[in-house]
Amino acid sequence: MHRIYLAATMGYGLGSDDFDELAYYNKIRKEMDDMKKDPIKKGIPLNWDTPEGIDQ
C-alpha cells in the first residue's frame, strides 16, 4: 500500500497489472487531481457586518 501511495503522489507509474493495486492507484490520483482543482483560500476573511456593541 505504501509503495502504491508513494508512486501515485510522486507522479510515477505503478508498473503492476494487479487490478486491486491499479484501482487504489487511480483512486489516489483522482483525489489529488480534485484537490488541485479546488481553490485555495488564503488570508483572514473580513466580516464587515459586526454586531452592535463589539466596536466599543
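If you read the sequence from its start, that first residue is 1, and numbering goes on from there.
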Transitive ILVMFWY cluster of M32, excluding itself - 4.5 Å side-chain cut-off
M1, I4, Y5, L14, L22, Y24, Y25, I28, M35

Just jot down the salt bridge (Lys or Arg N to Asp or Glu O under 4.0 Å) partners of D34, sequence neighbours excluded, or say none.
K30

How far apart are the closest heavy atoms of G13 and A7, and which atoms are they?
O-CB, 4.1 Å

Connecting only ILVMFWY residues whose side-chain heavy atoms lie within less than 4.5 Å of each other, what is the rest of Y12's hydrophobic cluster?
M10

Quick test of your reading: applying salt bridge (Lys or Arg N to Asp or Glu O under 4.0 Å), list the pairs with at least one residue in residues 14-29, sequence neighbours left out, ordered by first then second residue.
R3-E21

